[in-house]
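Encoded as structure tokens, the structure appears first; notes follow it.
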Amino acid sequence: MENLVFSTWGNWKDSPGPAQTDNLPAQFGQGKPLRAFMGWDGMFVRDASVNIVDMTREYAAQAANQSCGHCSPCRECTYRMKEILERICEGQGAEDDLDMLEYMARYVMDSSYCDIGLTSPRPILDAIEHGRDDFLRAIQEKKPIPRGNYVAKVTAPCINACPSHLDIPGYVEKIHLGRWDEALEIIRQDCCLPGTIGRVCVRPCEFNCRRGLMDEPIAIKALKRFAADQELIRGVEPGFSTTETKEDKVAIIGAGPAGLACAYHLGIKGYKTTIFEALPEPGGMAKSGIPDYRLPPDILNYEVSLVEKAGAEIRYGVNVGKDITIEDLTEKGYKAVFVGVGAPEASSMRCEGEDAGYERFMTGIDFLREIAFGRRPIEGKKIAVIGGGNVAMDCVRCALRIGFDDVNLIYRRTEAEMPADPVEIEEAKEEGIKFNFLVQPIKILAENGKVSGLECLKMELGEPDDSGRRRPVPIEGSNFIIECDAMVPAIGQVVVVDRVVPEGTELTRRKTLVVDKITFQSSQPNVFGGGDCITGPATLIGALAAGKNAARFIARYLETGECRPEDTDWMEKTISDLGVYDKEETMPFVGQTRRPRQAALDPSVRIKSFKEVESGFSRADAFKEASRCLRCYRIGLAAV
Amino acid sequence: MGSENVIVIDGQEFFFSAGETILQVAQRNGFDIPTLCYLKGASPTGACRICVVELEGSQNLVASCATPAAPGMVVRTETPRVINSRRTSLEVLLASGQHNCLAQDLSMDSWTDFQVKSMAAKGHDDLCPAYGECRLQDLAVQYQVKTNHFTPADVSYPIEDVNPFIVRDFSRCILCGRCVQACNEIQVNNAISFDYRGSKSKIVTEGDLPLKDSICVFCGECVQACPVGALIPKKDLLLERSSNETRKIRTTCSYCGVGCQLYLHVRNNKVVKVTGVEDVGPNFGSLCVKGRFGYDFINDPERLKIPLIKENGKFREASWDEALNLIAEKLTRIKKESGPDSIMVLSSARITNEENYLAQKFARAVIGTNNIDHCARL
């Protein structure tokens with residue numbers, strides 16, 4: 001409640017109640033107060049000196065600017081509302097202007113197609129209701145009102161949920177209009193690996209899609225893949241708009257998603273980069289951790305070639321920290337360094353015998369890497385894979401494809417707690433993987449130095465732990481043995497960034513690199529970092545976001561010597577704090593449309609090779625699916 | 001009702017089949033929900049907001065054309081709120097361009113200024129060519145729209161008339177998108193789409209070039225779909241306004257064997273326009289550039305109406321009997337002197353399949369040659 005002049009925030013929701021007065025953000029960036037905010041759910045004012053008339057003018061201008069122009073109420077009235085407010089603020093307001101404003105605001109809010117029209121008039125009506133005297137005074141006094149300082153941002157539940165904030169409704173609409181190249185252009189502004197992400201993303205956007213409250217979320221991932229595939233299918237040359245070439249060179253450590261994204265976005269800004277990669281091929285975890293049947297190598301290679309075209313040189317087989325140090329790179333003239341070395345090593349299982357060096361025992365991450373480079377890593381007929389995440393899923397499905405007859409997954413909780421993508425679990429079941437739930441390995445058994453079995457304990461679920469999932473508790477005396485002749489633990493990865501960064505660089509207790517959450521700058525001003533090496537094993541899209549944002553701040557550091565978040569970054573945070581997706585929202589009706597399914601190879605066919613399982617949408621399916629988007633754009637405006 | 005496929009429209013229950021929109025269920029049961037942007041055969045866009053209805057549980061009105069019926073929906077089609085929204089939509093559309101027909105009910109002092117300004121534009125010195133056939137005008141009259149709420153927008157696009165068939169007048173475009181649907185979904189030519197944003201929105205070809213420099217094939221599907229005076233057949237503009245009534249005569253297109261159904265618009269015994277017949281096969285209203293725009297030959301003075309025989313380098317008129325006898329005699333002589341393979345028959349796409357069959361029969365059985373071909377192979 002502190003410093004709150006008034007708030008209407010939240011009382012536009014379906015079940016009208018009192019406006020929210022608590023837990024509204026009060027700060028905008030470091031030491032800067034948030035004076036007032038206008039947005040999709042109303043407005044709140046903390047500083048009585050904010051000129052509400054002027055702020056409404058700015059908000060209306062943003063709304064008019066965002067109107068796509070397809071439906072008539074929003075197209076024809078948002079700009080008229082803006083013009084009236086401009087007039088009032090210039091001291092030329094008329095008596096009936098307020099009535100007209102309210103009339104149009106209600107009409108747009110009642111009759112528009114998408115949420116730009118349905119939500120943007122809300123705070124305008126609130127402002128008139130709570131500040132009517134201010135508006136009337138402005139009309140009567142006929143004096144120009146000076147412009148205040150505002151920050152605007154357009155978002156949507158899906159955009160806000162995506163770590164890289166892709167303009168999802170924007171490119172979905174372009175796909176609907178049949179403008180695939182323009183859709184891809186929009187995607188590439190925030191994501192340089194659209195074909196890759198379009199195949200393997202964990203898609204937080206889809207879990208925050210309002211269409212999902214109605215029937216099924218938009219198939220955002222598949223639509224992105226469609227746009228990316230169209231470029232390849234039609235042989236379109238992607239356009240780059242690198243206008244200027246900058247002098248300063250940047251070194252990037254690791255050709256994984258974070259490093260590639262950083263190189264790409266620096267390249268677009270005109271910077272030449274050198275990527276140092278320890279392995280002989282690019283892609284990092286996208287290459288060695290994702291099997292070919294989910295991500296064909298030619299897709300990744302094509303997208304890496306575009307990063308190179310944007311100005312990156314990749315040097316393979318260079319192990320930074322061993323062959324060369326960051327200090328050496330600085331001496332060689334690299335003005336900034338981006339560390340994107342990921343989490344490439346397996347974590348320990350804390351199971352007896354895992355360090356004994358048995359044959360036919362290999363960590364999941366090594367197993368996948370060997371397969372990615374075309375080798376059969378271990379011999380055997382019956383394999384046990386331990387873990388419940390996506391890497392474990394990849395291991396079991398790959399094991400089947402390289403000739404194991406009997407593939408067993410061992411997980412200490414139940415299917416409901418598995419962190420793996422439900423689609424992956426489903427496909428693995430279809431392929432005949434055997435799932436063993438509530439089983440904890442305690443000892444690896446071996447004969448003649450070769451794996452021969454696994455001693456396990458049965459588990460049961462207890463109280464929820466920190467992650468919110470119920471904790472598995474061993475059942476005393478339930479020991480049993482699973483026989484197998486090969487074993488792959490896939491229970492997590494660890495970060496090795498301490499071997500790369502200069503001594504004295506700040507690290508966390510988990511040995512991850514400490515960086516600023518917004519700028520990605522480490523405790524060494526010229527060293528930036530992003531991806532798994534700052535978060536621990538996480539998502540591909542998170543790594544791409546880190547690379548993209550770090551590129552922006554590296555450029556800023558090189559140009560000004562400073563590296564501070566911009567107003568738009570703080571705005572992003574303010575919007576996230578307010579929350580854009582309301583999973584409790586009730587929709588007016590239950591939708592009747594389902595998303596199309598991507599065609600998939602039959603399980604009996606696909607387990608015989610590493611051929612891609614899913615094929616993309618047809619043009620007709622993509623068009624139809626894109627038309628389901630509700631375009632939940634929201635506009636936020638902060639007075640600072 | 002539960003999961004049964006039943007919706008309530010204005011207090012009455014109706015069954016629907018999965019996938020049907022509110023509009024389809026309502027129209028099937030005799031409700032008159034007006035539409036403007038809705039184009040039969042294309043996917044609904046919900047752009048114009050004329051077909052809005054009240055839906056219980058929804059904060060805002062929904063477009064009935066774009067909302068699939070769902071079990072238990074309660075819909076109201078004619079409440080004051082609905083009528084007010086439709087009327088306002090019509091008002092803003094009328095005020096969005098140079099709709100200087102009488103549907104624009106401005107106050108007297110601003111009306112004259114608006115008319116003068118509107119008619120000053122090149123090609124606007126006469127009434128709107130869509131006058132009397134304009135869907136927006138009809139709806140404005142039906143809903144008794146008063147447009148003095150909104151000042152007419154100051155739009156001045158030069159008329160695009162640099163091709164022989166279609167005139168584009170963006171100052172009268174209401175951006176309903178029917179032309180885009182017609183081009184992309186019905187004819188699948190993908191020549192036009194929406195571009196720019198907000199109040200700057202416009203229907204454009206790739207690169208916003210004139211139609212003649214785009215991939216447009218001038219089938220005129222968009223012209224037939226345009227509900228206002230934004231897309232006009234060029235020949236319409238050249239026509240003198242006449243009080244003589246135009247008659248519509250239904251016939252079959254003579255250009256090829258498909259058999260498209262069309263209307264000849266005839267005035268003073270002259271064809272002045274061709275439109276496709278909606279709702280019947282094989283073309284369901286669609287036509288090609290020839291069928292729609294290639295009708296000048298009918299009244300052309302150069303048109304061959306009776307047979308001509310060339311004698312001493314000059315044509316003279318002849319009777320059909322005389323002409324056919326001459327042809328038969330010459331073909332028989334050539335066949336006798338030089339053999340049947342010295343003759344070739346070239347048939348035409350303008351005749352039917354059956355007639356083409358007869359032409360090859362004539363070549364093979366009567367003349368005795370396989371030298372038979374068809375212009376469509378060229």
Side-chain angles (χ1 to χ4, degrees), chain A residues 12-14 16 63-80 82-83 96 99-100 103-104 106-119 122 173-174 176-179 181-182 214-215 586-594 619-620 623-624 626-628, chain B residues 5 7 16 18-20 36-37 43-50 52 55-63 66-73 81-82 84-86 88-93 95-96 149-151 153 174-177 180 184-185 190 193-202 206:
Chain A
W12 288 99
K13 286 189 177 147
D14 305 307
N65 207 22
Q66 285 309 318
S67 171
C68 77
H70 286 212
C71 81
S72 36
C74 179
R75 179 184 67 235
E76 300 300 336
C77 288
T78 48
Y79 89 92
R80 285 176 189 268
K82 175 192 116 180
E83 281 176 0
D96 60 351
D99 291 346
M100 205 55 202
Y103 180 80
M104 283 197 275
R106 287 192 199 288
Y107 162 64
V108 172
M109 210 169 69
D110 207 25
S111 309
S112 295
Y113 179 81
C114 81
D115 275 24
I116 290 273
L118 296 175
T119 66
R122 292 172 172 179
E173 187 191 0
K174 289 289 183 192
H176 188 225
L177 291 172
R179 300 180 160 198
D181 303 335
E182 290 174 30
M214 224 162 151
D215 36 43
T586 47
M587 302 303 266
F589 54 89
V590 179
Q592 298 292 296
T593 57
R594 293 279 176 271
R619 288 179 182 182
F623 172 82
K624 220 168 140 192
S627 73
R628 291 174 64 237
Chain B
N5 281 353
I7 64 169
F16 67 89
E20 267 191 305
L36 181 56
C37 71
S43 57
T45 57
C48 76
R49 316 310 285 176
I50 297 298
V52 289
L55 175 65
E56 220 164 75
S58 170
Q59 279 192 339
N60 48 283
L61 302 172
V62 300
T67 311
M73 270 185 174
R81 182 176 165 210
V82 167
N84 193 42
S85 168
R86 287 181 190 160
T88 310
S89 293
L90 290 166
E91 283 180 34
V92 296
L93 288 178
S96 73
H149 276 127
F150 298 96
T151 329
I174 56 169
L175 293 157
C176 66
V180 178
N184 297 354
E185 286 195 49
N190 299 326
S193 81
F194 273 93
D195 206 352
Y196 306 108
R197 295 182 65 82
S199 56
K200 304 267 186 304
S201 291
K202 194 183 164 197
E206 196 169 345

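Please read these numbers as outputs of a predicted model, since none were measured by experiment. Letters A, B, ... mirror the listed sequences (proteins, then strands); counts begin at 1. Hydrogens, waters and symmetry mates are skipped; everything else that's a heavy atom, side chains included, is used.
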Margin query: More than 12 heavy atoms of other residues, nucleotides or ligands under 6.0 Å from NZ of B/K202: yes or no?
Written below: yes
Notebook entry, point to check: Does any heavy atom of chain B fall under 4.5 Å from the side chain of A/T78, the backbone, both, or neither of them?
Noted result: neither
Notebook entry, point to check: Which answer fits A/C74, side chain, backbone, both or neither, if we ask what part of it has an atom under 4.5 Å from a heavy atom of chain B?
Noted result: neither
Next item on the list: Just give me the residue among A/L118, A/I116, A/L177 that pairs up with chain B most often, heavy atom to heavy atom, under 4.5 Å.
Entry: A/L118
Next item on the list: Measure distances from A/Q66 to the heavy atoms of chain B and classify the residue's part below 4.5 Å as side chain, backbone, both or neither.
Entry: both
Check: Excluding sequence neighbours, so at least two apart, what forms side chain to side chain donor-acceptor pair (under 3.5 Å) with B/S89?
Finding: A/Y107
Next item on the list: Select one option (side chain, backbone, both, neither) describing which atoms of B/S43 are under 4.5 Å from chain A's heavy atoms.
Entry: side chain
Note to self: Counting C-beta onward and ignoring hydrogens, is there a side-chain heavy-atom pair between B/R81 and A/D110 closer than 4.5 Å?
What the structure shows: yes
Item checked: Segment of B/L55 engaging chain A (4.5 angstrom heavy-atom cut-off) -> side chain
Next item on the list: Quick one: pull up OG in B/S85 and CZ in A/R106 and give me the separation to the nearest 0.5 Å.
Entry: 14.0 Å
Note to self: Within the 4.5 Å heavy-atom criterion, are B/V92 and A/C77 side-chain neighbours or not?
What the structure shows: yes
Next item on the list: Taking only Lys NZ, Arg NE, NH1 and NH2, and the carboxylate oxygens of Asp or Glu, determine whether B/D195 and A/R179 approach each other closer than 4.0 Å.
Entry: yes
Next item on the list: Name all residues meeting the side chain to side chain contact (heavy atoms under 4.5 Å, CB included) criterion together with B/T45; count only those two or more places apart in sequence or in a different chain, and write none if there are none.
Entry: B/C37, B/A47, B/Q181
Next item on the list: Kindly determine whether B/L175 and A/R75 satisfy side chain to side chain contact (heavy atoms under 4.5 Å, CB included), including the steps that lead there.
Entry: CA-CA 10 Å; B/L175 293 157; A/R75 179 184 67 235; 3.3 Å; yes
Checklist line | Residue A/D96 versus chain B: region with a heavy atom under 4.5 Å | finding: neither
Note to self: If you apply the rule side chain to side chain contact (heavy atoms under 4.5 Å, CB included), what do you find for A/Y113 with B/V52, and how did you get there?
What the structure shows: CA-CA 10 Å; A/Y113 179 81; B/V52 289; over 6 Å; no
Next item on the list: Sort B/E56 into side chain, backbone, both or neither according to what part of it lies under 4.5 angstrom from a heavy atom of chain A.
Entry: backbone
Checklist line | Full working for side chain to side chain contact (heavy atoms under 4.5 Å, CB included) between A/E76 and B/F150 | finding: CA-CA 10 Å; A/E76 300 300 336; B/F150 298 96; over 6 Å; no
Checklist line | NE2 on A/H176 to OG on B/S193, rounded to 0.5 Å | finding: 11.5 Å
Margin query: Heavy-atom cut-off 4.5 Å, strictly under: side chain, backbone, both or neither for B/E20 against chain A?
Written below: neither
Note to self: Can a donor-acceptor pair be found, under 3.5 Å and without considering hydrogens, that links the side chain of B/R49 to the backbone of A/S112?
What the structure shows: yes
Notebook entry, point to check: So which part of B/A69 gets closer than 4.5 Å to some heavy atom of chain A, the side chain, the backbone, both or neither?
Noted result: backbone
Checklist line | Region of A/Y79 that comes under 4.5 Å of a non-hydrogen atom in chain B | finding: side chain
Check: Checking heavy atoms, do the side chain of B/I174, its backbone, both or neither come under 4.5 Å from chain A?
Finding: backbone
Next item on the list: Please confirm whether the backbone N or O of B/C48 pairs with a side-chain atom of A/S72, one donor and one acceptor, at under 3.5 Å?
Entry: yes
Check: Can you tell me if B/S201 uses its side chain to pair, donor with acceptor, with the backbone of A/C68 under 3.5 Å?
Finding: yes
Check: Once the angle between the rings of B/F194 and A/H70 is folded into 0 to 90°, is it parallel (under 30°), tilted (30 to 60°) or perpendicular (over 60°)?
Finding: parallel
Check: Just wondering, do A/F623 and B/E185 contact through their side chains at under 4.5 Å, heavy atoms?
Finding: yes
Checklist line | Euclidean distance, B/H149 NE2 relative to A/M100 CE, rounded to 0.5 Å | finding: 6.0 Å
Next item on the list: Just give me the residue among B/S58, B/P44, B/G177, B/C176 that pairs up with chain A most often, heavy atom to heavy atom, under 4.5 Å.
Entry: B/S58
Next item on the list: Specify the closest pair of heavy atoms between A/R80 and B/A153, including all atoms of both residues, with the distance to one decimal.
Entry: NH2-N, 3.9 Å
Next item on the list: Answer yes or no: is there a donor N or O on one side and an acceptor on the other, between the side chain of B/Q59 and the main chain of A/W12, under 3.5 Å?
Entry: yes
